[in-house]
Amino acid sequence: MDAPFTDRVANIAPEGAYRVMAKAQELEAQGKEILHLEIGQPDFPTFPPICEAGKEAIDQGYTRYNPSAGYGDLREKIAHIRSEQGYPTAASQVVIGPGAKPGLVFPILAIAQAGDEILYPDPGFPTYRSSIELASATPVPVPLVEENSFSFDLEALERRITSRTKLLILNSPANPTGGIIPQSDLDAIASISRQHGFWILSDEIYSRLIYDLKQLPSIASHADLQNRLIIVDGFSKTYAMTGWRLGHAIMPEALAEKVELLLMHSIGCTAGFTQKAGLAALDKTDDYVEEVVNEYRTRRNRFIDGLNRLEGVDCKKPDGAFYAFPNVSKLGIPSDILANRLLEEAGIACLSGKDFGPGGEGYLRFSYATGQNTLDRCIDALGEFISRI
Ligand code: PLP
């Protein structure tokens, strides 16, 4: 009998982080000690003003159905902040969803279909490829280049553009590399997009987690591209709100109306108390964000230095997000096998670069959104493992 499923889901793959976390927990249940560096989740609790606002909102009755695109006050607040940053935005362009993921999946479903080609970073966040497949469009990976601080090779990007190219996905700061696309590359990408007329979706969920720059360069600085630009952002990473499920995307109003309908018929709406908590995150937590960014910077510096002291490991200093993406190709072990051996033999849970696409071969991904003690022990355990092999 033929498989009962559609082509749309035939190749859909799980996220490596969830797979490795489940395996690590199994090993823990058998009594093994595991250092968790696999999942991209802040180890800080959600900041107190956010929790207070969420609890208050539950007491006030924000527990019911609400508008599918989100409450007006939150949409307006986000539009106001964007406009103040120099990117004029109307509330009608902002769509709220449960996490940043709906801001990836639904706009792609609304603009792409079979026959359309979508370019996306390789290595890149796995939901990009899955969303493209869900839309029955053709995924076209574009390699990220370590020597370019993990930005694209722009010539390789241009070579992949055809008359069917519908959309280019950008992610800066990036998961899994921590790389930031420099303004000069964004300018070149903008001019390529002008020439060929494709959409751009820029996933900026790590926009506030930057360590050396004052402001993140954004493709949104090219205002003339607004009518085919989608900016995705969210609350999960910056405000330690992964489980609250809150994110947003900014897009042309006509697309926002379609995405609202897709939300209406799938998710319905985003929890009201979560949205009220999100409003407090935007209003009241700048000091907390500054503190955690400083902490991530300290961890980054120490962890990357530690990695680079190990034989066979070369790690570029990531500019943002909270991931280290060391090149381990000199160890001579395929990344999948290496990540698995590290889990089983050294008690280190990390991801193979290949969990993010073929371009990740030769790399591992570690999340440093975890305590300093775990990070230090990880370096020691890695060193011991490398001296044994
Ligand atoms: N985009 C990127 C690049 C991510 O790394 C993640 C989560 O890991 C997301 C989007 C999804 O975020 P959320 O949990 O808010 O849906």
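Quick caveat: nothing in here was measured; it's all calculated off a predicted structure. Atom set for the values below is all heavy atoms of this structure, side chains included, hydrogens, waters and symmetry mates excluded. First listed ligand is number 1; within each ligand, the first listed atom is number 1.
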Quick one: look up the protein heavy atom nearest [atom] and list residue, atom name and how far away it is.
atom: atom 1 (N) of ligand 1; value: Asp203 OD2, 2.6 Å
atom: atom 8 (O) of ligand 1; value: Lys237 NZ, 2.7 Å
atom: atom 12 (O) of ligand 1; value: Ile205 CD1, 3.3 Å
atom: atom 15 (O) of ligand 1; value: Ser236 OG, 2.6 Å
atom: atom 14 (O) of ligand 1; value: Arg245 NH1, 3.0 Å
atom: atom 6 (C) of ligand 1; value: Phe125 CZ, 3.4 Å
atom: atom 11 (C) of ligand 1; value: Lys101 CG, 3.8 Å

**Report entry** Any N or O of Asn175 closer than 3.5 Å to N or O of ligand 1
**Finding:** yes

Evaluate Leu104 for polar contact with ligand 1, using N/O atom pairs at a separation under 3.5 Å. no

Against ligand 1, does Phe235 come closer than 4.0 Å with any heavy atom?
no

| query | Hey, does Tyr128 sit under 4.0 Å from ligand 1 if you only count heavy atoms? | reply | yes

Here the atoms of ligand 1 under 4.0 Å from any heavy atom belonging to Asn171 are 3 (C)

For Gly99, the atoms of ligand 1 under 4.0 Å from one of its heavy atoms are 15 (O), 16 (O)

pair [X]-[Y]: side-chain heavy atoms closer than 4.5 Å:
X: Pro123; Y: Tyr363; result: no
X: His248; Y: Phe235; result: yes
X: Asp187; Y: His222; result: yes
X: Val289; Y: Tyr239; result: yes
X: Ser172; Y: Ile180; result: yes

| message | With a 4.0 Å cut-off on N to O distance, would you call Lys101 and Glu15 a salt bridge? | response | yes

Just by distance, do the side chain of Asn66 and the backbone of Thr270 share a donor-acceptor pair under 3.5 Å?
yes

At under 4.0 Å between heavy atoms, what of Thr242 touches ligand 1? The answer is neither

Between Arg299 and the options Asp43, Asn294, Thr370, the side chain to side chain donor-acceptor pair (under 3.5 Å) test singles out Asp43

**Message:** Assess the residue pair Gln85 and Ser218 against the criterion (side chain to side chain donor-acceptor pair (under 3.5 Å)); give the C-alpha distance rounded to whole Å, side-chain angles, the decisive distance to 0.1 Å, and a yes or no.
**Reply:** CA-CA 11 Å; Gln85 288 169 344; Ser218 171; over 6 Å; no

